[in-house]
Amino acid sequence: MKTGSMIFSLLHVPRFRIQSLANCWGETFHSFSTTCGNNSNVRLLGSRIYGLQGGQRKKWTRPITTNIEGKGSTKSKSIKHEILSETILANATVNVNKTQLDKSQEIQYCDIQQEIAENKDLSSYTVIVFDIETTGFSRENERIIEIALRDLQGGENSTFQTLVNPQCKVPNSHIHGITTHMVNKPGVPRMEDLIPILLQYVRSREKPGGDVIFVAHNARCFDVPFIINELRRYSVEIPPNWLFLDTLPLARELIKSGGTTLSSTSLAALRDLYGIKVDGSAHRAMVDVNALSLILSRLTSDLKLTLSDLVKKSFTESDIINSKNKKKN
DNA sequence: TGCCAGGCCCTCTTTAGGGCCTT
């Protein structure tokens, strides 16, 4: 198993508008590789954001990066975003080691993506695995401090990760290693700054007229309600083509089906079951996203689930709200 | 003084309670 190669990547954000952004952030990247039980070598590329720098309110320049795993993308590129008033202009240059990039093309996260490619009925779906780190468990009282996404179709800009300035203290640094000092400074985007960027990023991954399935572990009870609350806090509606899939019920289903040594449905237990090694700190968003990408692949294989099955198991924002209302009544 | 997360699942249950999962 080889690890440690450095891959630069970028977030190619097309020109778009944003109300107020006063941030500057950069990323360094690390790679992650693992070998699954069926001898299929899988290599993951994660990212981490450090070196956050302050910016000015109305005019600033910032590097935004995600990773490149593009097919045949051996050109060097770099990205430089200039924020002038309310407009972001994107230009890019990133240095990518060709050998490393060739290796990165071996990535095959999910049979799901192959199924999407082969099935016309499913070709409109985009599957994005995501994870958030927060200041605690309460969706009402706590805030998101890190978010990471991975589009399983891969290619350029298939990942997105950033710290988020919660504008409050981080009381649980012992969990994820993210401290108040790391996020409470001008260089880190606040949620209100990040939302338009996030929406733009997801739009850039969508297929025309297609739906996006967001996958997370314990999505129904934790990640999705958190996202819904954060968007609502800034009067932003969840796009109607967003679906959500929770891998926790899939893990329960696997235990019920028997024939597995899995005794807990936690992400850590699933990682252990499938021999997925963590490169970096577990409980950091992109590390968990990378692990869950592999877990999703193995879970769907073990449970013999197709993408159609996953679509049936997915839920919408309305489902969460309706179930909450039912409970109230 | 009162609140402290909340939804799902299991069982010694169903007019309930407790454990698990997420940070």
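Note that these values count all heavy atoms, side chains included, but never hydrogens, waters or copies made by symmetry.
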Atom-pair distance ([atom1] on [X]; [atom2] on [N]), nearest Å:
| X | N | atom1 | atom2 | result |
| --- | --- | --- | --- | --- |
| Phe226(A) | dA5(B) | CZ | P | 11 Å |
| Glu142(A) | dG6(B) | CD | C1' | 13 Å |
| His217(A) | dT23(B) | NE2 | P | 9 Å |
| Asp131(A) | dC21(B) | CG | P | 16 Å |
| Ile227(A) | dT22(B) | CD1 | C1' | 13 Å |

Are Thr316(A) and Asp319(A) close enough that a side-chain donor and a side-chain acceptor fall under 3.5 Å?
-> yes
Check every atom of [options] against the side chain of [X] and return the nucleotide holding the closest atom.
| X | options | value |
| --- | --- | --- |
| Ile175(A) | dG7(B), dC21(B), dT23(B) | dT23(B) |
| Arg139(A) | dC21(B), dA5(B), dG6(B) | dG6(B) |
| Ser264(A) | dT23(B), dC8(B), dC21(B) | dC21(B) |

So side chain to side chain donor-acceptor pair (under 3.5 Å) across residues 258-270 of chain A, not counting sequence neighbours, yields Ser264(A)-Ser266(A)
Could you list all the side chain to side chain donor-acceptor pair (under 3.5 Å) pairs where at least one residue sits in residues 235-245 of chain A, not counting sequence neighbours?
-> Glu206(A)-Asn241(A)
Which value, in whole Å, describes the distance between the [atom1] atoms of nucleotides [N] and [M]?
| N | M | atom1 | answer |
| --- | --- | --- | --- |
| dC4(B) | dC20(B) | P | 22 Å |
| dG18(B) | dT13(B) | P | 13 Å |
| dC8(B) | dT14(B) | C1' | 15 Å |
| dG19(B) | dG2(B) | C1' | 25 Å |
| dG17(B) | dC12(B) | C1' | 11 Å |

Looking at residues at least two apart in the chain, or sitting in another chain, which of them share a side-chain hydrogen bond (donor to acceptor under 3.5 Å, both in side chains) with Thr135(A)?
-> Glu142(A)
Partner set under side-chain hydrogen bond (donor to acceptor under 3.5 Å, both in side chains) for Arg232(A), not counting sequence neighbours = none
Can you name the side chain to side chain contact (heavy atoms under 4.5 Å, CB included) partners of Asn184(A), sequence neighbours left out?
-> Asn165(A), Pro166(A), Thr180(A)
Side-chain donor-acceptor pairs under 3.5 Å in residues 246-253 of chain A, sequence neighbours left out?
residue: Asp246(A); atom: OD1; partner: Asn218(A); partner atom: N; Å: 2.8
residue: Asp246(A); atom: OD1; partner: Ala219(A); partner atom: N; Å: 3.2
residue: Asp246(A); atom: OD1; partner: Leu248(A); partner atom: N; Å: 2.9
residue: Asp246(A); atom: OD2; partner: Ala219(A); partner atom: N; Å: 3.3
residue: Asp246(A); atom: OD2; partner: Arg220(A); partner atom: N; Å: 3.1
residue: Thr247(A); atom: OG1; partner: Ala216(A); partner atom: O; Å: 3.4
residue: Thr247(A); atom: OG1; partner: His217(A); partner atom: ND1; Å: 2.7
residue: Glu253(A); atom: OE1; partner: Lys313(A); partner atom: NZ; Å: 2.9

Within residues 238-256 of chain A: residues closer than 4.0 Å to DNA chain B (heavy atoms) = Leu248(A), Arg252(A), Lys256(A)
OP1 or OP2 of dT23(B) under 4.0 Å from side-chain N/O of His176(A) | no
Any side-chain N or O of Thr265(A) less than 4.0 Å from the OP1 or OP2 oxygen of dC21(B)?
-> yes
List every contact pair, protein side and nucleotides 1-4 of chain B side both N or O, where the distance is under 3.5 Å.
none

Pairs in or reaching into residues 260-274 of chain A: which pass salt bridge (charged side-chain N to carboxylate O under 4.0 Å, His left out), with residues at least two apart or in two chains?
-> Arg271(A)-Asp288(A)
Leu267(A) near the nucleic acid: base, sugar-phosphate alone, or nothing, with a heavy-atom cut-off under 4.0 Å?
-> sugar-phosphate
Taking the six-membered ring for Trp, does Phe222(A) stack with dT23(B) (centroid gap under 5.5 Å, planes within less than 30°)?
-> no
Mind checking whether Glu146(A) and Arg284(A) have side chains closer than 4.5 Å, heavy atoms only?
-> yes
Please examine the side chains of Phe244(A) and Ile227(A), heavy atoms only from C-beta on, and report whether any two atoms are closer than 4.5 Å.
-> no
